[in-house]
Amino acid sequence: MAESGTDIDRAKSELEAGKLVAIPTETVYGLAGNAFDPQAIASVFKVKNRPSFDPLIVHTCSLERVRSLALGIPEMAVALAERFWPGPITLLLEKRAVIPDLVTSGMNTVALRIPKQPLTLQLLERLDFPLVAPSANPFGYISPTTATHVNDQLGSSIDYILDGGPCDIGVESTIVGFENNEPVIYRLGGTSREQIEQVMGKVKVMPHSSSNPKAPGMLKSHYAPRVRIVLGDISTMLSQVEDKGKTGVISFRSSFEDVPQGHQRMLAPDGRLDTAAKNLFSALREMDTKPIDLILAELVPDHGLGLAINDRLKRAAAV
Ligand code: TXA
Ligand code: MG
């Protein structure tokens, strides 16, 4: 088990010594290391068991610092940064040479974001280097939204977890890149498509690909629990299941009589998509602790944060 707490000094000195620290953000917990230190970056890949072709997001605390890490930032990017940072959006920008190639898997763009989490912002302000921080989970598994989630899987590989409590948003940041002067969403996330379109007009969303994705987080099968998950109309699917006692259910806001109450999670009893986003990953993780062999789940309304939630559900269900 790693120690966890709110000691920013401790987190700072570990990071300065080249060690890894889990940090809270408004989206999910990140596994952080010094973005200028190739050894720390290599440890991040190793601890996550992440393939080296999957680049990392760099976290910093001001637009001024972003300018020291990226070149020729397009006006559209500045508009998004000014509107949404600190917040759940990541921008793909041309990298400066200070960013090691290991961070970007050799690409000439770097993913940058300013997270909206008070402890982590203070930490970033006090460090004189930015932090790489992929979600603090083993590659392909569900992102952590509490310090306990991080400890459950990575506790023996890291020294300290900065504990900011449960994450406010609960799904990862929206990743936006710029192609031929057009914004493109590479990963749906905590900043909704509609919010981005209010700033820039119509935005293209990249479909998932199962091979050679531009952003490997777009890999079809990702965010997956160990127990098989099937999406559809829950009542219909339940009517075809023989052993309902060994079935788990993740619904938007309904409960089902034939399934043990302890095997059911409602994402949003209040019917709100932000509530559903906040509960999604812990619901998926919880199902992996139950004596079940199947999870039945349904999609949520497909607008706002619902797009990101449905994206994660579909990928959790992809085989
Ligand atoms: O909300 C978040 O973004 C969280 C918190 C911790 O900040 N981080 C996160 O990191 O989700 P990660 O590593 O789990 O997902 C980052 C995604 C990956 O799919 C990666 O392929 C993509 O960002 N990515 C990173 N750099 C990229 C680049 N230069 N071009 C395209 N995609 C990139
Ligand atoms: Mg991840």
Side-chain angles (χ1 to χ4, degrees), residues 20-33 35 41 44-45 47-61 69-71 84-96 99-117 120-121 123-124 130-145 149-150 153-154 161-162 164 167-179 184-191 206 208-209 212-224 277 281 305 308 311-312 315-316:
L20 306 186
V21 170
I23 56 166
T25 82
E26 78 282 32
T27 58
V28 301
Y29 275 73
L31 175 64
I41 301 162
V44 168
F45 279 100
V47 166
K48 265 194 71 105
N49 196 18
R50 180 180 179 112
S52 62
F53 61 75
D54 191 357
L56 304 175
I57 298 180
V58 174
H59 297 66
T60 188
C61 59
L69 305 168
L71 273 169
F84 297 114
W85 276 346
I89 190 165
T90 294
L91 303 177
L92 300 180
L93 302 170
E94 195 180 334
K95 84 177 198 69
R96 285 188 190 267
I99 304 279
D101 288 333
L102 204 53
V103 171
T104 63
S105 304
M107 290 194 286
N108 63 359
T109 54
V110 58
L112 282 158
R113 107 173 177 95
I114 303 180
K116 188 175 183 176
Q117 206 293 330
T120 290
L121 275 176
L123 172 66
L124 286 164
L131 295 174
V132 287
S135 52
N137 51 278
F139 185 70
Y141 195 67
I142 302 153
S143 297
T145 53
H149 292 165
V150 178
Q153 290 180 307
L154 301 184
I161 301 173
L162 195 57
C167 299
D168 271 351
I169 307 254
V171 290
E172 300 84 350
S173 60
T174 302
I175 301 182
V176 179
F178 304 90
E179 278 182 10
V184 179
I185 295 178
Y186 287 100
R187 178 177 72 183
L188 294 158
T191 303
M206 281 292 273
H208 300 147
S209 77
N212 194 25
K214 169 116 184 208
M218 298 171 56
L219 283 170
K220 225 172 151 202
S221 171
H222 214 78
Y223 311 101
F281 289 153
L305 278 178
D311 168 83
R312 303 307 186 268
R315 284 196 267 172

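Numbering starts at 1 and runs along the sequence shown. Atoms within a ligand are numbered from 1 in the order they appear, just like the ligands themselves. The figures that follow rest on heavy atoms only: side chains count, while hydrogens, waters and symmetry mates do not.
Results of the side chain to side chain contact (heavy atoms under 4.5 Å, CB included) test with L131 over T60, L56, L123 single out L123 as the only residue that passes.
Listed by number with element, the atoms of ligand 1 under 4.0 angstrom from any heavy atom of M107 are 28 (C), 29 (N), 30 (N), 31 (C). Of all atoms in ligand 1, numbered sequentially from 1 with element shown, those under 4.0 Å from a heavy atom of D54 are 18 (C), 20 (C), 21 (O). Close contacts between ligand 1 and P134 involve ligand atoms 10 (O), 12 (P), 13 (O) [criterion: under 4.0 Å to a heavy atom]. The atoms of ligand 1 that sit less than 4.0 Å from any heavy atom of T27 are 1 (O), 2 (C), 4 (C), 5 (C). Atoms of ligand 1 lying under 4.0 Å from any heavy atom of G30, numbered from 1 in the order shown and given with element: 6 (C). Distances below 4.0 Å separate heavy atoms of H59 from the following atoms of ligand 1: 5 (C), 6 (C), 7 (O). Short contacts between ligand 1 and L92, defined as distances under 4.0 Å to a heavy atom of the residue, involve ligand atoms 27 (C), 28 (C), 30 (N), 31 (C). In summary, the atoms of ligand 1 found under 4.0 Å from a heavy atom of I175, numbered by their order in the structure, are 17 (C), 22 (C), 23 (O).
Side chains of T27 and R113: a donor on one and an acceptor on the other come within 3.5 Å.
Remark: among candidates S105, S135, P88, the nearest residue to atom 10 (O) of ligand 1 is S135, based on non-hydrogen atoms. Comparing heavy-atom distances from atom 26 (N) of ligand 1 across P55, C167, A22, G190 singles out P55 as nearest.
Residue A133 places a heavy atom under 4.0 Å from ligand 1. By the 4.0 Å heavy-atom criterion, K95 is excluded from the residues contacting ligand 1. Residue contacts with ligand 1: T104 is excluded, as none of its non-hydrogen atoms falls under 4.0 Å.
Looking at heavy atoms from C-beta onward, P88 lies in side-chain contact with T191 at the 4.5 angstrom threshold. Looking at heavy atoms from C-beta onward, Q153 lies in side-chain contact with Y141 at the 4.5 angstrom threshold. The shortest side-chain heavy-atom distance between T109 and E94 does not fall under the 4.5 Å cut-off. Using a 4.5 Å cut-off on side-chain heavy atoms (C-beta onward), S135 and K48 make contact. Side chains of V184 and M206 form a contact here, defined as non-hydrogen atoms less than 4.5 Å apart.
The Mg ion (ligand 2) has an N, O or S atom of S135 under 2.8 Å away, backbone or side chain.
Contacts with ligand 1 closer than 4.0 Å are made by heavy atoms of both the backbone and the side chain of E172.
At a 3.5 angstrom cut-off on N or O pairs, T25 does not count as close to ligand 1. Backbone and side-chain nitrogen or oxygen atoms of Y29 are examined, and none is located within less than 3.5 angstrom of a nitrogen or oxygen of ligand 1. The distance criterion of under 3.5 Å between nitrogen or oxygen atoms is not met by K48 with respect to ligand 1.
The salt bridge (Lys or Arg N to Asp or Glu O under 4.0 Å) check on K95 picks up D101, with sequence neighbours excluded. With sequence neighbours excluded, the residues satisfying side-chain contact (heavy atoms from CB on, under 4.5 Å) with E172 are V28, S143, R187, Y223, F281, R312.
Contact record, S105 with P55: OG-N, 3.1 Å, taken as the closest heavy-atom pair. In plain terms, the two heavy atoms of G30 and A133 that are nearest each other are CA-CB, 4.1 Å.
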